[in-house]
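Reminder, nothing fancy here: chain letters follow the sequence lines and each chain counts from 1.
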Protein chains: 2
Amino acid sequence: MAAPRRPTLADVAREVGVSAKTVSRVLNEDGPSSPETRERVLAAVARLGFQPNLMARNIRVGGSDTTVGLVVPDLGNPFFGTVAGGIEDTVRDRGLTLLMGSSADDPAREHALTRTFLARRVSILMIVPSVGADHSSLRTQRSAGLPVVFLDRPGARLATDSVVSSNRSGAYEGVTHLIAHGHRRIGFLGDLPVKLYTRRERLAGYRSALADAGLPLDRALLANAHDEAAAAGATRRLLGLAAPPTALFAGNNMLALGVAAELARLGRKDVALVTFDDVPLAEVLEPPLTVVAQNPAELGKAAAATALRRLDGDRSRARTVTVPTRLIPRGSGEIPGPARTR
Amino acid sequence: MAAPRRPTLADVAREVGVSAKTVSRVLNEDGPSSPETRERVLAAVARLGFQPNLMARNIRVGGSDTTVGLVVPDLGNPFFGTVAGGIEDTVRDRGLTLLMGSSADDPAREHALTRTFLARRVSILMIVPSVGADHSSLRTQRSAGLPVVFLDRPGARLATDSVVSSNRSGAYEGVTHLIAHGHRRIGFLGDLPVKLYTRRERLAGYRSALADAGLPLDRALLANAHDEAAAAGATRRLLGLAAPPTALFAGNNMLALGVAAELARLGRKDVALVTFDDVPLAEVLEPPLTVVAQNPAELGKAAAATALRRLDGDRSRARTVTVPTRLIPRGSGEIPGPARTR
DNA sequence: TTGTAAGCGTTATCAC
DNA sequence: GTGATAACGCTTACAA
């Protein structure tokens, strides 16, 4: 059973007895066509099961593929999945499809994926940049008209559009919330690596919240972790200090899980906690988790909208869109601190 | 600033003073080439920033695109994201890229996506089938050699490879676990629609666990929900029955969240709970959540491995791979029932 | 209303 | 070793 070659436009044309161009016209509702040939063409298309080859079409028509190339650190992280969903929702009726790959936050893998996407001639390129990645090589593409958008974090050495969360003010709001409830020693659990944009921004928010409240910055209260287990360990360490914090601020959803789990294991319901990023079951924890929620779907939508405008010819200078975060008080952040309980 | 056309093979050839074919040969390490021209070609490629056009290449070389088309119900659901990650890991070094789209469990959207993927000439097609979708139209493609794999659920009217979790035996194990702890009235919360494969299979497991234990099936204990809120409502309803269940079995991760949240709100720590699918923070709940965990990454890997074998010429008959689930007892499933406490 | 010729950027074939 | 030419499947430009 030899695989029968897929039917082409020419096959349909031969079947009907017209030229390929006529078939093309009918299918794309391009120029005029007599109702009769139209009907015969459509019949033949159905009979043969013909499906136009999009690659061939794209290569002829514009040169670029009708896809959005998206590089994320991790496909399994629902944050990025939701971002992707927001992008898809926005570009779907422009006929664009999502081409996705994960970088594992490795600049080399990110670069390889980017190259593949460029080789595929994606219509839009979106990247959640890895720490240490250099994006200067995209400059040519960008000035040649390819919309490039950085997501969640700005890229390096390339002036282009970015869409990020209000990391700094969100963290500021979360920490200020803790201060308002009487806490004066607040532990900060940050992402790794320490150069990571989101970590730096959130830490900056933490610092200015302390400063604005006239509280000193105690470096002993700063900790780092890049996974749940490490976050749990860091939590233990912080709480074991001679002068321990009475509240904690966790820098992302992964860390939130680790910290919340460790507090539960330790039975420390007296320690206040606010986390950056919402997590499932946050309301069910005891106490329910107070969070600074991001809006990943909106992040994706904003990025897609920006890119589509570029595609439509917007040549204005690079913009950074900031998607607001939202403090959701649920209980863990309202546990009173010494300045209140006293 | 007119967008400078992207350099092509011909541009490189002209720059070097050789033919296009020679450049192609060098780049693909096809036929022989003198070290000298080789060097000059590579230099020109670098200088011009030339990147071969994969669309053009694919159209010429094999006709099919080096992509895996993947249709999932929801990009934001980490279950499917993790599945996608497993696929990517497996196909990456074959040079395949992931083309993804979400169906929202709508057969029409699933079909549209599938058509797009076919038009793009994907090398492999993977689908998490929506309820009510008909896949008979893929028969031609499949017999023409396109690997088609159904994920998580089998497709309809098409004999092809599928990769699913051990839904039935997993549910059986979870429910048996509850029975072993003394429960005789166990509520079942299922997915919607009721025709959904995973729901039917898990319900079958529930039923046979009861049957094997000599327990009667009480239809009043069966409930349906398709989101967290509905699951919470169904939980309330079940617990409000004249003869309420002493244990609950939740049919997926979404429902697990709803049920766990509702039990917490009601303060019902006496009701045992086992859920299908693991969820984040499961260990932190009070009591920690006992689950029947699936293995989404393995699901993706198995699907990809199967498809790659097909691509390599495996023409054996359609197979169904079952990825085992695993019961993880953490506390909520070990709450004793009347037959134990009495 | 329809057809012809040319071309998109690449590779296969077969010469030289 | 290298190059000319045709071809992949489609659309654009122009003619009939």
Test: salt bridge (Lys or Arg N to Asp or Glu O under 4.0 Å). Region: residues 141-154 of chain A. Which pairs qualify, not counting sequence neighbours?
A:D105-A:R153
Quantify the bending of the helix from C:dT1-D:dA16 to C:dC16-D:dG1 as the angle between its end axes, each fitted on five pairs, to 10°.
40°
Is B:T8 touching bases, backbone alone, or none of the nucleic acid, heavy atoms closer than 4.0 Å?
sugar-phosphate
Would the number of heavy atoms belonging to other residues, nucleotides or ligands and lying under 6.0 Å from CZ of B:R47 be above 12?
yes
Residues two or more places apart in sequence or in another chain: which of them pass ring-ring contact (aromatic ring centres under 6.0 Å, His included) with B:F150?
B:H135
Contact residues, residues 112-119 of chain A to DNA chain D [heavy atom, < 4.0 Å]:
none
Which of residues 47-59 of chain A sit near DNA chain D, with a heavy atom under 4.0 Å from it?
A:F50, A:P52, A:N53, A:A56, A:R57, A:I59
Does anything in residues 9-17 of chain A reach DNA chain C, meaning a heavy atom under 4.0 Å, and if so which residues?
none
Summary of salt bridge (Lys or Arg N to Asp or Glu O under 4.0 Å) pairs that have at least one residue in residues 51-67 of chain A, sequence neighbours excluded
A:D65-B:R120
Set of side chain to side chain contact (heavy atoms under 4.5 Å, CB included) partners for B:R40, sequence neighbours left out:
B:V16, B:E36, B:T37
Which residues satisfy the ring-ring contact (aromatic ring centres under 6.0 Å, His included) test with A:F117, sequence neighbours excluded?
none
Considering residues at least two apart in sequence or located in another chain, which fulfil the ring-ring contact (aromatic ring centres under 6.0 Å, His included) criterion with A:H111?
none
For DNA chain C, find the residues of residues 25-36 of chain A with a heavy-atom distance under 4.0 Å and give them by number; none if there aren't any.
A:R25, A:P32, A:S33, A:S34
Salt-bridge present (B:R94, B:D312; N to O < 4.0 Å)
yes
Integer-rounded Å distance: D:dA13 P and A:R60 CZ:
8 Å
Would A:R121 and B:Q51 count as having a side-chain donor-acceptor pair, cut-off 3.5 Å?
no
Regarding the side chain of B:V18, the nearest nucleotide among D:dG3, D:dT12, C:dT11 is D:dG3
Can you find a side chain N or O atom of A:S24 that sits less than 4.0 Å from OP1 or OP2 on D:dC10?
no
More 5' along DNA chain C: B:A20 or A:T37, using each one's nearest nucleotide?
A:T37
For atom CZ of A:R121 and atom C1' of C:dT10, their distance in whole Å:
11 Å
For a side-chain hydrogen bond (donor to acceptor under 3.5 Å, both in side chains) check, start with the C-alpha distance between B:R109 and B:S102, then their side-chain angles and the critical distance, and finish with the verdict.
CA-CA 8 Å; B:R109 257 180 72 175; B:S102 66; 3.0 Å; yes
Value in whole Å for how far the P atom of D:dA7 lies from CZ of A:R5:
13 Å
Any side-chain N or O of B:S19 under 4.0 Å from OP1/OP2 of D:dA4?
no
Just the rounded figure in Å: distance from P of C:dT10 to CG of B:D65.
15 Å
Side chain to side chain contact (heavy atoms under 4.5 Å, CB included) partners of B:P78, counting only residues at least two apart:
A:P78
Once you round it to whole Å, what is the distance between C1' of C:dA6 and NZ of A:K21?
13 Å
